[in-house]
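These numbers come from the heavy atoms of this one structure, side chains and all, not from hydrogens, waters or symmetry mates. Residue indices begin at 1 and follow the sequence shown. Because the structure is predicted, anything quoted here is derived from the model rather than measured. When a ligand or atom number is given, it counts from 1 through the structure's own listing order.
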Amino acid sequence: MKKLWGGRFTGTAEDWVDEFGASIGFDQELAQQDIEGSIAHASMLAQCGIISAEEAEEIIEGLKKLKEKASNSDLEYSTKLEDIHLNIEHHLTELIGPIGGKLHTARSRNDQVATDMHLYLKAQVEEVIELINEFQITIIDQAEKNIETIMPGYTHLQRAQPISFAHHLMAYFWMLDRDKQRFSDSLKRINLSPLGAGALAGTTFPIDRHLTAEMLGFEGIYENSLDAVSDRDFILEFLSGSSILMMHLSRLCEEIILWSSQEFQFIELSDAFTTGSSIMPQKKNPDMAELIRGKTGRVYGSLMGLLTVLKGLPLAYNKDMQEDKEGMFDTVKTIQGSLKIFSGMVKTMRVKKETMEGSVKNDFSNATELADYLAAKGVPFREAHEIVGKLVLECIQQQCYLADLSLDAYKEMNPLFEDDIYEALNHYNAVERRTSAGGTGFSQVKSQIGKAKELI
Ligand code: ARG
C-alpha cells in the first residue's frame, strides 16, 4: 500500500514502526465526523470554484457511500494508512479513482483532525448534558418522596444535626447543576471550526471557512490558523469538567456504600445494581457504586495525561497531540456510563426511613436545639453552648439522652428551661424549624425542589 507522502521517501518504515505510530486503532471512532467534515469541505471547494461541481458531486457521492459503510462497521482499516483520515481518503480513491485526490486541496490532516474532534465532542457533550438532566430528575423524584424523612446530618462523619433526607439528596442536584453549566458553557468553545486553517498557516486557495463552519453546524471559526490546529483546550475543559463531575459522583458513591452497609442500613440498593459474593452467601455488594468511585481515577488520569502532553509543545501541530484521543474517548464512555448507572441506582434504591429516623432518636444530634433554646431566651450563645455541653456530659454519665432528663434537672442547670424544651428536642421539630434560606426545614426543602424543577 503506497503511502500518501510517497513522493519524498525512498525507504519505508517497518510494520512494527508503522503500528507504533498509527492511531487508526482508536481514531476510527471519528469516522462519521471525518466524512461529514470532508463532505462540507468538498462542497465548499466547489462553491468557491476551486474544484468543479461535477468533481465535488463525485467526491460527495463516494463519501456518502463510505459513511453508510462505516456506520455498518463495513470499512476495513489498515495501520499502514496510519489514521482515520488517510484510511477514508484511501477508500475514496479506491471507490471513485484519482478524482478522490482532489478532496485534500486546501486542507491538512491538522485542521481535519481538529475538526473531527470538535464535531465529536460537541455531540458527546450534548449527550452528557442530557444524561445529567435525567439523573437530576431522578434525584428530584427521590427527594420529593423523602421530604419528611429524617436522617442524621454529619460533619467529620460524626452525627451533627438531624436533616431531611431530601435535603441531602438535593445537595447533589446542585452539584450536578454546576456540572451541567460547565459542560454547557464549554460548548461555546467546542462550537468553533478549525477547518480551513490548513497545516498551520491557512491556504492560498480562495476558501470560505464560514461556509464550512455553517454547513457543519459550528457557531464560528477560529480566528488564528496556528491556534486552530494546536488548540486542545476544548478537550482539556471536557476532561476537567468530567473530573469534577466524577468527583461528585464518587462522593455520592461513598455515601451509598456507607448507607447500604450493615452499620448504617439507611438504604437498600436494588438487586439490579449489586452483586453477590462467590464465597459468602449473605453478601450484597454495592459494586456499581464502588466501580464508579474507582473509575474516577482514570478520568483524573486522562486530564493529567493531556495537560502533560501539551505543556511543552511549540506551535503548531506536533505528533504528541495524537495522544489526546484515547483519554477523551475513554472519558466519554466512563462518564456517560456512570451517569446512566446512577440514574438507575438512585431510582430503584429503597430508603429505609425507619432506620434513618431511629438512628436520629438515639443520639445527641438535638443538642444544638437546646443551645438555640437558651440563646433565643437571651443567654449568650457561648454560655448556652457550655450549659448544654454539661447536660450532655450528665447524660453520658447517666447513660441516657437529652430528652430523658427531668425538667428539674434542666432547671437546676438554668432556670430559663421550661417544659417546652421537650418539643424543642424532638428531632422532627428540629428539622422543621430550620427555615432559614437554603436550610433543611421542610418548607425550605420544598421551595428548593420547586426551584430545581424550574431549572430542569
Ligand atoms: N493521527 C493524527 C492525530 O491524531 C492526525 C493528524 C496528523 N497530522 C500530521 N501532520 N501528522 O493527531
Quick one: which ligand 1 atoms are inside 4.0 Å of a heavy atom on [X]?
{"X": "Q322", "value": "1 (N), 2 (C), 3 (C), 4 (O), 12 (O)"}
{"X": "H85", "value": "5 (C)"}
{"X": "S23", "value": "1 (N)"}

Restricting to heavy atoms, the pick from D83, I24, I84 nearest atom 5 (C) of ligand 1 would be D83
Tell me, do F135 and K340 make a side-chain contact under 4.5 Å, heavy atoms counted?
no
Would you say CD of E214 has more than 12 non-hydrogen atoms from neighbouring residues, nucleotides or ligands within 6.0 angstrom?
no
Compute the ring centroids of F442 and Y428, then answer whether they are less than 6.0 Å apart.
yes
Are W259 and H168 close enough that their ring centers fall under 6.0 Å?
yes
Expected output: side-chain E432 to main-chain G441 donor-acceptor under 3.5 Å:
no
Just need the protein heavy atom nearest to [atom], so name the residue and atom and give the distance.
{"atom": "atom 11 (N) of ligand 1", "result": "R109 NH2, 3.4 Å"}
{"atom": "atom 4 (O) of ligand 1", "result": "K325 NZ, 2.5 Å"}
{"atom": "atom 8 (N) of ligand 1", "result": "N110 OD1, 2.9 Å"}
{"atom": "atom 6 (C) of ligand 1", "result": "Y317 OH, 3.5 Å"}

Would you mind telling me if ligand 1 is within reach of the side chain of Q112, the backbone, both or neither, using heavy atoms under 4.0 Å?
neither
Set of residues satisfying salt bridge (charged side-chain N to carboxylate O under 4.0 Å, His left out) with respect to K319, sequence neighbours excluded:
E82
Kindly write out the residues that satisfy salt bridge (charged side-chain N to carboxylate O under 4.0 Å, His left out) with K188, not counting sequence neighbours, or none if the list is empty.
D185
